[in-house]
Structure formats: structure tokens, C-alpha cells
Number of protein chains: 2
Amino acid sequence: MSEIITYKEVLNHKGLKNTRHRNSILELLETSTQPLTADQIYLALVNQKISINLSTIYRVLNTLVENGLIIKTNTVSDNKTLFELNSFEHKHHLVCMECKKITMVDECPFEEYEKKLKEKMGYTILGHKLEIYGVCKSCREKENNGKSIV
Amino acid sequence: MSEIITYKEVLNHKGLKNTRHRNSILELLETSTQPLTADQIYLALVNQKISINLSTIYRVLNTLVENGLIIKTNTVSDNKTLFELNSFEHKHHLVCMECKKITMVDECPFEEYEKKLKEKMGYTILGHKLEIYGVCKSCREKENNGKSIV
DNA sequence: AATGCAAATGCAAATCATTATTATTTGGAG
DNA sequence: CTCCAAATAATAATGATTTGCATTTGCATT
């Protein structure tokens, strides 16, 4: 836990009960460097000798999304739903097409662009999602040992 | 058909047979102002008194994606796959959170940003996807007739 | 510490989008 | 017109996610 505030307090404040499952899921997402699928969470917890049902994971994830503690995303390549802790910071995803790893980037070049869209299209802009696809350093190096396609 | 080239020719060139189903799906996507789900395509065709099977639609869509004629996307809100004609132009999606309508925008402010990411993260950038969320003009106006939340 | 009750969980079955299988039909080359 | 590979229909299978219902648990109150 990187904050002084514990999940127990956060959950309480939202009127949610402080259960071991909610805590272990939140803790797992906190230590993870990237968004996880429900299934990945399930496997990770089972690995930690925690007995939990997959449907419970889905239910916990959904309540946490509804209460703004975590964020739901989905990938373009495969059709899976990913969950990550809501850091309340504006982040974008850098997705490696080879190893599928996701890296977070926090720089965002958009204020200008959004203003333009607002004027041109008459939209009220609420937010955006940006995913950038590429090949990460280590995958590119692996490939260069063989033939270089990219 | 907005081009001199017919779909028949395009399909031929790709070594694909020119079937009525492929044509009706391509024509439907051409007239559509926004990406469609397999199911929406199915309903639209049935509406046109065209007898077609849903699995055929999926199969046709997948071959068309493989051959670069159409593009696969997916929505953040619900877990559905969307298909749109590949215009071979770089476009982004402007998504209305009220009516879920998608508008295309062609301006893209990214060359600079991608260069930066390449240097900083060591990534080879292949492409990106940007979705912008907001409320479209007509939805905002509808809302203002009641109470204005947004 | 014991009680009560709503909320949370486990388990199994249901649902939904998508894919695979197989028999039948069709486009189009010859 | 004939033939065959490719395309399609119909149906079953799959995999992710949701739901119904019985049981358990958190926690406020006694």
C-alpha cells in the first residue's frame, strides 16, 4: 500500500464491505505493472493459495469499476477485458504486438487537439483513450538475432 | 459505389470469389456512417429481405479483414467487435457517450508524439488507435431541454 | 460474545458473441 | 455445360462473462 489510506477505509467510504477477496484483488492490481484479465487475476490468486471463485472475481471487479476504484479496458487484438487500478492520473497504453505487454506512458499531447474537435464537431469532450502499437525493445532485439521483419 | 473500381474487381484481385453475400456486406458497410457489429449487419440485411446466416457474416467479415478490405475495432463500453470499411485513410473515432454514435475525424496530431515515444521507450511504433469520448451536439441539446448535467 | 440481517460468495447453470464442423450449394475457369 | 474448389447454411461447440439461488460472512446492535 503506497498511501496512508488503506483499502479498508476506501471501501468503507463507498459503503462497501471490507472483504478478504476485495482486498486481495486490489492488492494484486496494485502490485501489477499492467492491466490484468479476470482469468489472470484468478490464476494469480490461486497461486497465492487463495481460494476464490471466478464469478466472485467478475463480481468484485464490476463493483470496483462502478465505484471508480479500478478501470476497465479492452484490447483490440484479442477480445478480452482488462482491469487496472484507477490511479486518477491520465495515462496511455503502449502495447507491444509481439509479447502483448503493456507499458504506461503519462505524457499526453491533447489539450490542443480536443479544443479543435470541440469547435469543429460541436462535441463536448469528456475524455479519450489512446493505444499505441509497436514492438518493444527486447522483442525487437530477439527478432534481430534471427531475421529482421519489422 | 463511389469509385470506378467495383468490389467484384477488388475481390477478384485478391483471389476471392464474387458472391452476393460479400457484395451486400461491403455495400452495407459502404453506406454506413459508422462501424457496425456482426449482428447489426445481420439485422440490416434481413431487413433488406436478404437471406443470410449469421455465421456467414462472421466468416465474410473475417476474410475481408484478412484481405485488408475492412477493419476490425472494438468498443470500450460493451464487449463487441465493430467492422468498418478500410478507407486507407488514417481516422480516429469520436464516440458519443449518450447515443453511442461514432463520428470519424481525420486530423491526427501524432507524428511528433510517436517520435518522442520511440526515443524514450525504445519502441518501434507501428500504429495507434485513438478514441475520444464526449457528448455530441444533438444529445447535449436534448439534455439542455431538461436539466443540464454535462 | 451472541444475534440478526443485508451484502458478499460459491457453485452451477445460463447467456452472449464468436468459431468450428460438416453437408450442401454456387461461382467461375475451362 | 461441367466440374471442382471455395463459399454457405445449419447446427453444435467454445470461451468469456453473467445470473439465480443457497450458504456464508462482515459488521452493527444488543
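Letters A, B, ... mirror the listed sequences (proteins, then strands); counts begin at 1.
Checking the phosphate oxygens (OP1, OP2) of C/dT9, no side-chain nitrogen or oxygen of A/Arg59 falls inside 4.0 Å. Between B/Tyr58 and C/dT18, a side-chain N or O to OP1/OP2 separation shorter than 4.0 Å is present. Within the structure, a side-chain polar atom (N or O) of A/Asn53 is placed less than 4.0 Å from OP1 or OP2 of C/dC11. Contact annotation: B/Lys80 side-chain N/O to C/dA17 OP1/OP2 distance is under 4.0 Å. Between C/dA17 and B/Thr81, no contact under 4.0 Å exists linking OP1 or OP2 to a side-chain N or O. A close approach under 4.0 Å does occur between a side-chain nitrogen or oxygen of A/His21 and OP1 or OP2 of C/dG10. OP1 or OP2 of C/dT9 sits under 4.0 Å from a side-chain N or O of A/Thr19. OP1 or OP2 of C/dG10 has at least one side-chain nitrogen or oxygen of A/Thr56 nearer than 4.0 Å.
Pair assignment for D/dA5: C/dT26, on the basis of Watson-Crick or G-U wobble contacts that are both within less than 3.5 Å. Pairing for D/dT30 is with C/dA1, a Watson-Crick or G-U wobble pair whose two hydrogen-bonding atom distances lie under 3.5 Å.
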Step by step, would you call A/Arg22 with A/Lys17 a side-chain contact (heavy atoms from CB on, under 4.5 Å)? CA-CA 9 Å; A/Arg22 281 177 182 161; A/Lys17 285 186 181 166; 4.1 Å; yes
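Distance CG (B/Leu16) to P (D/dA5): 17 Å, rounded to an integer number of Å. Rounded to a whole Å, the CD1 atom of B/Ile57 is 18 Å from the P atom of C/dC16. In this structure, the CG atom of A/Asn12 is 10 Å from the C1' atom of D/dG26, given to the nearest Å. For the pair B/Lys17 NZ and C/dA29 P, the computed distance is 9 Å after rounding to whole Å. Spacing between atom CG of B/Leu11 and atom P of C/dT26 amounts to 19 Å, rounded to whole angstrom units. Distance, A/Leu54 CG to C/dA8 P: 19 Å, rounded to whole Å. Taking atom NZ on A/Lys72 and atom C1' on D/dA16, their separation rounds to 12 Å, with Å as the unit. In this structure, A/Arg20 places its CZ atom 14 Å from P of C/dA8, rounding to the nearest Å.
Within the 4.0 angstrom heavy-atom criterion, base atoms lie near B/Ser55. Residue contacts shown for A/Asp39 are absent, as no nucleic acid heavy atom lies under 4.0 Å away.
For the pair B/Thr19/B/Leu11, no side-chain contact is recorded, criterion being any heavy-atom separation below 4.5 Å from C-beta on. B/Asn18 places none of its side-chain heavy atoms less than 4.5 Å from the side chain of B/Tyr7. Contact of the B/Leu29 side chain with the B/Ile41 side chain is registered, since non-hydrogen atoms from C-beta on lie closer than 4.5 Å.
Of the two residues contacting DNA chain C, namely B/Asn62 and A/Thr63, the nearest-nucleotide position lying further toward the 5' end is that of A/Thr63.
Looking at A/Ser24, its side chain does come within 3.5 Å of a backbone N or O of A/Arg20 through a donor-acceptor pair.
Checked by atom type, the side-chain pair A/Asn53/A/Ser55 shows a donor-acceptor distance below 3.5 Å.
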